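Only this structure's heavy atoms are used, side chains among them; waters, hydrogens and symmetry mates stay out. Since this is a predicted model, take the numbers as computed values, not measurements. In each ligand, atom 1 is the first atom listed, and ligand 1 is the first ligand listed.
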Amino acid sequence: MSRRRLSLLAGLLLGLAASGAGQTAAGGDRQMPANKFASQNDWWKHAVLYEIYPRSYADSNNDGTGDLPGITQHLDHLAQLGVDAIWITPCFPSPQVDFGYDVSDYRNIDPQYGTLADFDHLVAEAKKRDIKVILDFVVNHTSDKHRWFMESEKSKDNPYRDYYIWRDGKRSGQPPNNWTSTFGGPSWTFSDKTNQWYYHFFYPQQPDLNWRNPKVEQEMFDVTRFWYRHGVYGFRLDAVDTLFEDPNLTDNPPAEGTDAYGMAKQQHTYDHRPAEVHAELQKLRKVADEFPGRVLIGETWTETPQQLAEYYGPLNNELQMPMYFNFTKVTKLDAVQFRQKVAAIESNPVHGWPVYVLSNHDIRRYVDRYGNTGNKDQVAKLMSALYLTLRGSAIMYYGEEIGMENNDPKRVEDVKDVIGKKGWPKEIGRDGERTPMQWNRSVNAGFNKGAKPWLPVDANYKTHNVAAETADPQSVLNWYRGLIRLRRDNPAFYEGDYVSLNDTDANVMSFLRKSQHGTALVLLNFAAQPQAVSLDAGKVGAERARVLMTTGSQLGTVNITHLALNPYGVFIAELQP
Ligand code: GLC
């Protein structure tokens, strides 16, 4: 077939997709409309953020590890997808014990990812495409190879001693208290240089900073200013729940069972979230407010709506975007549980702006949590339709837009993540969700030019890659593009309230996004069987709606009082007055 005829065919297929045959989705080469909120200070409220694990995104120099120029080369993909900002997990100099979450210099770029000039270039190129860059700020701890810690370790009277938490043992050979590290073993390590113990909630190579020391505070505030001046639009703050601990070092109460590393479990009562964390984050927010439009995002693994509410600050003066992780805690496709999780944040005491997350570099990809071999693409369309149509910001994880799966190690010898090595087989580590991004069908899925990638490319790359899915109107990628376009285009999605419908339905989640400028209806079938949905036209406020996106075959304007949904089906429509 000639090239011209091929492109005519592609155009026809895309036209069909956009006009509603089968999956109704904007995609392909159609331009994404600009986000009209992009230049406002609260741009993040209407944003889709996209997390990039830089080791795994694109390897421009073919050394097996992804890098910043690799990200720059793929900005067009991100622009076409419609993301407003990218959050890059730590790319600072680091011994890489925890793949960058052990920072040895907060003001530079690790040579394996590039240079500061590469970073500036990335920011400039992203800006041309209206994409903002967010960095990951590891606030709780540094690397043990950070200059501050190496000084601190030398002597009790070293000027950097109080940058960290050093204590005497309870008695000879015993740590100061019973606290355990989330990465296994006691959270204290003894140093025979001074016969004291230092505290680390994570690995021993990640000593906790002492934020009660005003010098630490100032150093860290200045780090954020440094990056704001490099054009960074904000920070995802790592591990904020453990920024402070009880100053009296009270023992944690015991809990049932043992952890993956063989330690007795405990309730983390005294090493998490004392009130000081909020006062400190409010100060960090003041620094952010020196620069317009900057945003603070929190890795906030909270247990209750009240705890999450506190992170917004009493006057919305703390984190603009504390992440809502409760979706990630749902273990199966269950309309009732997801409806409850939405209700919980919608009724959150401070009514803070929700920040939805389904997957990240620490948790199994959601298609693996909820799907099986036969239905992962359907699950991808269902779950993306859920979190991208809710009131709130969404944080995507790279690869979810093409339905990437976990590619878990099968043997402990292959594991790279230290917690997987230590905890195997109970804890297999996080390699599975961190494998190379799949760009096309070529060698290593286009991640690089053939050098062995640091983690293996998933076998499904031949079908699940950006190039193949761009050409397929029914793909997960074109579905995501369609949803993100809807969020930008349609007032119901960017300004509407959330109104739950049919609250007792066990299989279908139904809701409105209701604004003064239009109302949209969203129906999501969480079941493997087709479902019939009846809606009360009086409650909904209309009998007819114009189909916007569907995994079914409805076209044009339809009666919505009785609708059929296919297995895992999605139906999104705009009410007609
Ligand atoms: C956060 C990061 C995780 C890291 C840990 C220690 O939870 O998301 O990847 O291992 O902090 O920094």
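Neither the backbone nor the side chain of Phe99 has a heavy atom within less than 4.0 Å of ligand 1. Under 4.0 angstrom from ligand 1, there are no non-hydrogen atoms of Glu51. The proximity of His200 to ligand 1, defined as any non-hydrogen pair under 4.0 Å, does not occur for either the backbone or the side chain.
The shortest non-hydrogen separation linking Met437 to Glu401 is CE-OE2, 3.5 Å. Nearest heavy-atom pair, Pro314 versus Gln282, reported as atom, atom and distance to 0.1 Å: CD-NE2, 3.5 Å.
Phe244 and His272 have their aromatic ring centers separated by at least 6.0 angstrom.
Closest protein heavy atom to atom 5 (C) of ligand 1: Phe202 CE2, 3.7 Å. Given atom 7 (O) of ligand 1, the protein heavy atom at minimum distance is Glu299 OE2, 2.8 Å. With respect to atom 9 (O) of ligand 1, the closest heavy atom belonging to the protein is Asp362 OD1, 2.7 Å. In terms of protein heavy-atom proximity, atom 1 (C) of ligand 1 is nearest to Asp238 OD1, 2.7 Å. From the protein, the heavy atom lying nearest to atom 10 (O) of ligand 1 is Asp98 OD2, 2.5 Å.
Using a 4.0 Å cut-off to heavy atoms of Arg434, the atoms of ligand 1 that qualify are 9 (O). Within ligand 1, counting atoms from 1 as listed, the ones closer than 4.0 Å to a heavy atom of His141 are 6 (C), 12 (O). Interface atoms of ligand 1 facing Phe183, defined by a heavy-atom separation under 4.0 Å, are 10 (O). Residue contact check: Arg430 has heavy atoms under 4.0 Å from atoms 3 (C), 4 (C), 9 (O), 10 (O) of ligand 1.
Proximity of a side-chain donor or acceptor of Glu299 to a complementary backbone N or O of Ala239 within less than 3.5 Å is detected. A donor-acceptor pair is defined here as one N or O able to donate and one able to accept, closer than 3.5 Å; no such pair exists between the side chain of Asp458 and the backbone of Tyr461. Not a single donor-acceptor pair under 3.5 Å links the side chain of Glu51 to the backbone N or O of Met396.
Using cut-offs of 30° and 60° for the angle between ring planes, the Phe183 and Tyr203 rings count as tilted.
Within the model, atoms OH of Tyr387 and CD1 of Ile395 stand 9.0 Å from one another, a figure rounded to the nearest 0.5 Å.
The closest approach between any non-hydrogen atom of Tyr203 and ligand 1 is not below 4.0 Å.
In this structure, Lys286 places its NZ atom where only 12 or fewer heavy-atom neighbours from other residues, nucleotides or ligands lie under 6.0 Å away.
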